[in-house]
Structure formats: C-alpha cells, structure tokens
Visitor: 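I am attaching a structure below and will ask some questions about it afterwards.
All chains are named by letter (A, B, ...) in the order of the sequence lines, taking the proteins before the strands, and each is independently numbered beginning at 1. Atom set for the values below is all heavy atoms of this structure, side chains included, hydrogens, waters and symmetry mates excluded.
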Amino acid sequence: MPELPDVAGFQAYFEDHAVGNTIEHVTVLDSRVLTDVTPQSLGKRLHNAQVTTTNRHGKYLFVGTSADNGWLVLHFGMTGYLEHYQENEDPPKQTNVIFTFTNGAHIAYVNQRRLGEVTWADTVATFVEARELGPDALSDTLSPRQFADRLAHHRGMLKSALMNQSIVAGMGNEWADETLFQCGLPPKTSLANLKPDDCEQIARTAQRILRTGMRARCKSRPLPKHYLNAHRHKDDKCPKCGTDLTTVKVAGRTTFYCPKCQQ
DNA sequence: CGGGCCTCCTGGTAGC
DNA sequence: TGCTACCAGGAGGCCC
C-alpha cells in the first residue's frame with residue numbers, strides 16, 4: 001500500500017521527528033524485517049549517530065547520519081508505517097524495529113505483515129543500481145517525454161509497466177489505478193495500442209497525480225474529490241459519474257475502475 | 001520480454 | 001459460536 005506519496009509522507013514525518021536528534025540505540029523486535037544486516041551491525045552503525053538528512057527513491061526511504069557514510073534504508077511493503085512516541089509510552093503493536101533517541105523519544109517501524117525491509121546502503125545511487133530501480137517518478141530530471149520513452153520500451157499491459165519499479169520507481173497498485181482512471185483508459189490497456197503522444201499524456205498525468213498525492217500525504221489534506229483513490233471499496237461508486245465501480249485482476253492485482261469512464 | 005503463479009506474511013472476514 | 005478458507009499486495013523467483 002505505501003507507494004510514492006505515502007513514503008514521501010513518512011519521509012516528512014521522519015524529518016520532523018528525527019533530523020538533528022541522536023540515535024541512542026536500535027531495538028530489533030523481529031529480525032525477519034532485516035535484510036543484509038544483523039541487529040548487531042545495525043545497532044553499531046547507528047549508535048550515537050545524529051540524523052542529518054533523509055532521502056527517498058520510489059518507495060524507499062533513506063536516512064543519513066553523521067556517524068557513518070552509509071544510509072539506513074526503510075521499505076514499507078504493504079502495511080508498514082512509522083510512529084513517533086515519547087519516553088513514557090509503549091510502542092505500537094506490530095512494531096518490528098525501534099529507534100530510540102537520546103532525548104528519550106522513539107520512532108517505531110511498524111509492519112504488521114512484514115512485507116517490507118529495513119536494510120543498509122553505502123550510497124543511494126549504488127542501492128538504486130543494485131535493486132535495478134528506474135528513476136524516481138517525481139525526479140526533477142525525469143521529463144514526461146523521458147517517462148513515456150521508458151514505458152514505450154516495453155510491451156504488455158500499461159498497468160504492469162506503471163507498477164514495474166525498474167521502469168519508473170514509485171507507483172504501486174493504487175496509483176496505477178488512479179492513473180488509468182484519470183486518463184480514462186480501460187484497466188487492461190496494452191502498450192501496443194498506445195501512440196507516443198498517448199504515453200506522454202499518461203506520464204504527465206501520472207506525475208501530476210503523484211505530486212498531488214504527495215502533497216496530500218505530507219500535509220494530511222484530503223485528495224481532490226474526483227480522485228478514485230478514496231473510493232477503492234467494494235460497492236463504492238465512480239467519483240466522476242456515479243456508476244458502480246468494478247474490479248478485475250490485472251497483473252495479479254485487484255484493479256478498481258469505472259466501466260463508463262474507462263472505455 | 002511478458003504473463004501467470006507461487007512465496008513471503010498476518011489479521012479481518014465470509015461462509016459453513 | 002467456532003472453525004476454515006480466502007483475500008489484501010510489494011517484490012522476487014520460477015516456469016512457460
């Protein structure tokens with residue numbers, strides 16, 4: 001579930017609660033969320049480290065500190081989120097990792113289904129390369145034209161391509177559906193049926209809605225009323241025309257769409 | 001290369 | 001009421 005807009009929200013949250021603060025220790029409650037690090041190595045790297053900066057690429061959040069040249073990396077899978085709490089409070093249920101600061105506050109990495117990870121990267125660039133991630137969907141240097149070109153180098157279904165992190169990083173099921181909805185395209189639209197200009201329009205729409213989504217998540221404002229996002233429920237209706245929404249499996253994912261607006 | 005399916009993982013819920 | 005089966009989906013792996 002956490003896609004680019006949500007992770008951008010987590011980034012702002014981490015910034016607000018941690019930048020300038022020093023990590024006293026790291027408590028790993030479930031080491032299954034760790035990849036390529038042990039609780040010991042993670043603890044050692046972050047002990048007495050002051051959080052200096054954060055970064056994001058697609059659905060990955062990076063946390064930089066003064067103590068090491070590397071980055072703490074957080075991925076949220078489908079159910080992950082962060083929660084800040086004070087010294088005298090208990091961590092949320094399903095907490096997997098706790099970052100405790102010298103001021104007594106904590107940030108919990110919570111992930112009920114554990115389809116995410118906590119890991120380490122020497123640099124953001126090497127991590128992005130190692131994981132074969134495409135450019136971030138909202139990168140300043142990714143024009144709609146370039147975004148479209150990357151889509152056009154693939155065949156198959158548009159939705160698959162939008163969710164493929166190696167093409168462009170950041171979109172998941174929900175925002176891919178939003179893109180298709182805002183473009184008025186049926187869920188099973190194939191890239192073979194799209195012209196370069198269509199792809200550019202899709203890219204432009206994708207970037208626009210992700211930007212809007214990001215602002216909404218970072219400032220906890222509701223999304224525009226004509227967005228599909230808040231209506232992804234059984235028996236809900238199209239926010240544009242009121243028609244009953246339909247679901248279909250595309251690329252293995254439940255796809256919500258309006259049978260009238262998306263033909 | 002793309003699609004389909006499986007795995008990981010847990011809690012909510014539909015159905016018997 | 002209580003059990004089981006299924007579903008949610010990000011991502012990697014496997015086979016066709």
Visitor: What nucleic acid atoms does A:R131 come within less than 4.0 Å of, heavy atoms only: base, sugar-phosphate, or nothing?
Guide: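 Result for A:R131 = nothing.
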Visitor: Tell me which one of A:L191, A:T189, A:N173 satisfies side-chain contact (heavy atoms from CB on, under 4.5 Å) with A:K159.
Guide: A:N173
Visitor: Check the distance between B:dC9's C1' and A:L29's CG and give it to me in whole angstrom.
Guide: 17 Å
Visitor: With a 4.5 Å limit on heavy-atom distance, are the side chains of A:L34 and A:V37 in contact?
Guide: yes
Visitor: Which whole-number value in Å describes the distance from A:E132 CD to C:dG13 P?
Guide: 9 Å
Visitor: Ignoring backbone atoms, test whether A:H75 places a side-chain nitrogen or oxygen under 4.0 Å from the OP1 or OP2 oxygen of C:dA11.
Guide: yes
Visitor: Quickly work out the A:F256 CZ to C:dC7 P distance and round it to whole Å.
Guide: 14 Å
Visitor: Does OP1 or OP2 of C:dA8 have a side-chain N or O of A:K249 closer than 4.0 Å?
Guide: yes
Visitor: Mind calculating the distance between CG (A:N111) and C1' (C:dA8) to the nearest angstrom?
Guide: 13 Å
Visitor: Looking at C:dA11, I'd like to know if its phosphate oxygens (OP1 or OP2) sit under 4.0 Å from a side-chain N or O belonging to A:R253.
Guide: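 Answer no for this pair, as no side-chain N or O of A:R253 is under 4.0 Å from OP1 or OP2.
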Visitor: For A:K240 and A:Q182, does a side-chain donor sit closer than 3.5 Å to a side-chain acceptor?
Guide: yes
Visitor: Between A:F127 and A:F62, is the ring centre distance below 6.0 Å?
Guide: yes
Visitor: With sugar-phosphate meaning primed atoms plus P, OP1 and OP2, does A:G252 contact a base, only sugar-phosphate, or nothing at under 4.0 Å between heavy atoms?
Guide: nothing
Visitor: Given B:dG3, is OP1 or OP2 found less than 4.0 Å from the side-chain N or O atoms of A:S160?
Guide: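 Yes, such a contact exists.
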Visitor: Taking NZ, NE, NH1 and NH2 as the nitrogens, is one of them in A:E200 or A:R150 under 4.0 Å from a carboxylate oxygen of the other?
Guide: no
Visitor: For a quick check of understanding: with a heavy-atom distance under 4.0 Å over all strands, which category does A:T79 fall into, base, sugar-phosphate or nothing?
Guide: nothing
Visitor: For the side chain of A:Q165, counting heavy atoms from C-beta on, which of C:dA11, C:dA8, B:dC9 is nearest?
Guide: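 Looking only at side-chain atoms, A:Q165 lies closest to C:dA11.
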Visitor: From CE of A:M163 over to C1' of B:dG4, roughly how many Å is that when rounded to an integer?
Guide: 13 Å
Visitor: Which of parallel (below 30°), tilted (30 to 60°) and perpendicular (above 60°) describes A:Y13 and A:H84?
Guide: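 Perpendicular, since the angle between the ring planes exceeds 60°.
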Visitor: Rounding to a whole Å, what distance do you find between A:M78:CE and C:dG12:C1'?
Guide: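 Distance check: A:M78 CE to C:dG12 C1' gives 17 Å.
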Visitor: Starting the side chain at C-beta, find the nucleotide from B:dG2, C:dA11, B:dG11 nearest to A:Q112.
Guide: B:dG11
Visitor: Looking at the base of C:dA8, is there any donor atom on it, or on the side chain of A:R113, that sits under 3.5 Å from an acceptor on the other one?
Guide: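 Check passes, donor-acceptor contact within cut-off.
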Visitor: Check whether any side-chain nitrogen or oxygen of A:R114 sits under 4.0 Å from OP1 or OP2 of B:dT10, and answer yes or no.
Guide: yes
Visitor: Which whole-number value in Å describes the distance from A:L191 CG to B:dC1 C1'?
Guide: 12 Å
Visitor: Please state how far atom CG in A:N164 lies from atom C1' in C:dG12, giving the value in whole angstrom units.
Guide: 12 Å
Visitor: Taking the minimum atom-to-atom distance to the side chain of A:H154, which one of C:dG10, B:dC9, B:dG2 wins?
Guide: B:dG2
Visitor: Between A:Q94 and B:dG11, is there a side-chain N or O to OP1/OP2 distance below 4.0 Å?
Guide: yes
Visitor: From C-beta outward on A:M157, which listed nucleotide comes closest to its side chain: B:dT10, C:dA8, B:dG3?
Guide: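 Given the options B:dT10, C:dA8, B:dG3, the side chain of A:M157 is closest to B:dG3.
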